[in-house]
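A short worksheet on the structure shown next.
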Amino acid sequence: EHGKQSNAFVQLLGKAKSPYYRVAAVPISGNENEVTYFWGFDSYATLEKYSQDLEMWANGPFKAEFEKLDRQGADLHAAQRDVIANYREDLSYRAKFNVGEAHYMIIVTIRARPGHQMDFNEARKIVLAAHEKAKLEEHYYVYEASSGTPGPTYFVFVPLKSLKELDADIHGKAY
C-alpha cells in the first residue's frame, strides 16, 4: 500500500510538472518497512521554493488529489522525520561519480557526541587522505545534518553499481 501511495505522489508531482525529484532508499536488510526518501536541493532557496510550490499545488489545482493521498496515507506511517543535510565536499572522496549508475547505496549514519564535530571532521580527513594515498577505486559522499536529528549527525553514502562490489575486500580477495 505504501508503494502505491508513494507512486501516486510521484505521479501527482509529474502532473504538476514539478522540477523536483526524490530518491527512495528501500533497505535490502534490516527493517524492510522503513523507506527513506532523499530530495536533492541545490540551495535553501530551492528548498523554500519547493515548499511554496507544494503548498500551491496542494491548495490549488491538485487539492482534491493531495487530500485523497493524505487520507489514504494516514495509517501507513508509524513515524516520519524530515532531515536537512548539507553536502561536505571536503570530507567526500572521488565525488565525480554518476550516481545514476548506482543501483545500490550503502548509507552509514554517524552520530558524533555534542561538541565533538571537529574531532569527527579531523578523523574523516585522515580517512580521506588514506583513501587518496591508496588510490582506492570507490566513491563516497558525506553530508552533515543541519536540522532534524538529535545532536551532530553525518551521513556517508557509498554508491555501488552492483552488490558484487562487496564480494572483494580492499586486497582483491573474495570473501
Side-chain angles (χ1 to χ4, degrees), residues 2 6-7 9-10 12-14 16-32 34-57 77 79-166 169-170:
H2 184 265
S6 294
N7 188 45
F9 177 71
V10 170
L12 187 50
L13 289 183
K17 301 198 182 328
S18 168
Y20 313 104
Y21 61 92
R22 73 178 185 184
V23 174
V26 180
I28 60 171
S29 65
N31 185 348
E32 293 179 16
E34 291 181 7
V35 178
T36 304
Y37 296 99
F38 297 95
W39 292 83
F41 299 106
D42 59 1
S43 67
Y44 284 101
T46 305
L47 171 59
E48 181 177 29
K49 177 78 169 99
Y50 164 73
S51 296
Q52 293 167 348
D53 288 346
L54 189 60
E55 187 170 327
M56 176 194 63
W57 297 325
H77 300 107
Q80 194 167 335
R81 174 189 305 257
D82 293 315
V83 175
I84 296 174
N86 299 304
Y87 175 56
R88 292 291 305 267
E89 183 176 10
D90 61 322
L91 303 178
S92 300
Y93 177 67
R94 296 185 64 210
K96 303 290 188 229
F97 176 81
N98 181 357
V99 178
E101 294 177 10
H103 294 270
Y104 298 92
M105 186 79 64
I106 295 171
I107 304 169
V108 180
T109 302
I110 302 166
R111 296 193 198 282
R113 288 188 174 152
H116 289 271
Q117 294 93 319
M118 295 306 296
D119 295 336
F120 173 82
N121 291 341
E122 288 174 23
R124 287 308 308 177
K125 288 180 180 178
I126 291 169
V127 170
L128 177 62
H131 277 69
E132 288 171 345
K133 184 175 181 179
K135 296 183 171 111
L136 295 179
E137 289 296 320
E138 64 182 22
H139 309 266
Y140 63 79
Y141 308 84
V142 177
Y143 287 78
E144 180 177 2
S146 60
S147 67
T149 62
T153 303
Y154 298 83
F155 303 98
V156 180
F157 295 83
V158 181
L160 302 171
K161 291 181 180 182
S162 168
L163 289 178
K164 288 188 292 187
E165 293 178 55
L166 299 175
D169 66 13
I170 59 172

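Along the sequence shown, residues are numbered consecutively beginning with 1. Just so you know, these numbers use all the heavy atoms, side chains as well, and skip hydrogens, waters and symmetry mates.
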Open item on the list: A side-chain contact here means heavy atoms from C-beta on lying under 4.5 Å apart; do Y20 and T46 qualify?
Closed with: yes
One should read off an interatomic distance between L47 CG and Q52 CD, to the nearest 0.5 angstrom, of 10.0 Å
| Is there side-chain contact between F38 and M105, with at least one heavy-atom pair below 4.5 Å? | no
Rounded to the nearest 0.5 Å, the CG atom of D90 sits from the NZ atom of K125 at a distance of 5.0 Å
Checklist entry - Heavy atoms, side chains only, cut-off 4.5 Å: are L12 and W57 in contact? => result no
Checklist line | Any L166 side-chain heavy atom under 4.5 Å of Y104 side chain | finding: no
Can you confirm whether Q117 is buried at CD, in the sense that more than 12 heavy atoms of other residues, nucleotides or ligands lie under 6.0 Å from that atom?
yes
Within a strict 4.5 Å, meaning less than it, do heavy atoms of the I28 and L163 side chains meet? yes
F155 versus V83: any side-chain heavy-atom pair under 4.5 Å? yes
Rounding to 0.5 Å, atoms OH (Y154) and OG1 (T109) come to a distance of 13.5 Å
### Message
Parallel, tilted or perpendicular: which one describes the rings of Y50 and F41, with boundaries at 30° and 60°?
### Response
tilted
Heavy-atom nearest pair, L91 first then V142, reads O-CG2, 3.3 Å
Closer than 3.5 angstrom, by distance alone: can the side chain of Y93 be matched with the main-chain N or O of H131 as a donor-acceptor pair? yes
In this structure, CG of N121 is separated from NE2 of H116 (nearest 0.5 Å) by 13.0 Å
To the nearest 0.5 Å, atom CZ of F120 lies from atom CD1 of I110 at 4.0 Å
Go through L54 and L13 one step at a time and tell me if the side-chain contact (heavy atoms from CB on, under 4.5 Å) criterion holds. CA-CA 9 Å; L54 189 60; L13 289 183; 4.3 Å; yes
Looking at D119, is its backbone amide N or carbonyl O close enough to the side chain of E122 to form a donor-acceptor pair, meaning the two atoms are under 3.5 Å apart? no
Check your understanding: Using the ring of each side chain (for Trp, its six-membered ring), is Y87 parallel, tilted or perpendicular to Y143, with breaks at 30° and 60°?
Key -> tilted
Q.
Can you tell me how the ring of F97 sits relative to the ring of H139, calling it parallel under 30°, perpendicular over 60° and tilted otherwise?
A. tilted
After noting the C-alpha distance and the side-chain angles of R22 and S6, does the key distance pass the side-chain contact (heavy atoms from CB on, under 4.5 Å) rule?
-> CA-CA 11 Å; R22 73 178 185 184; S6 294; 3.6 Å; yes
Donor-acceptor pair, T153 side chain versus R111 backbone, under 3.5 Å? no
Practice task
Flag yes if more than 12 heavy atoms outside E89 fall under 6.0 Å of its CD atom; otherwise flag no.
Solution key: no
Between the OH atom in Y140 and the CD1 atom in I106, the distance rounded to the nearest 0.5 Å is 13.0 Å
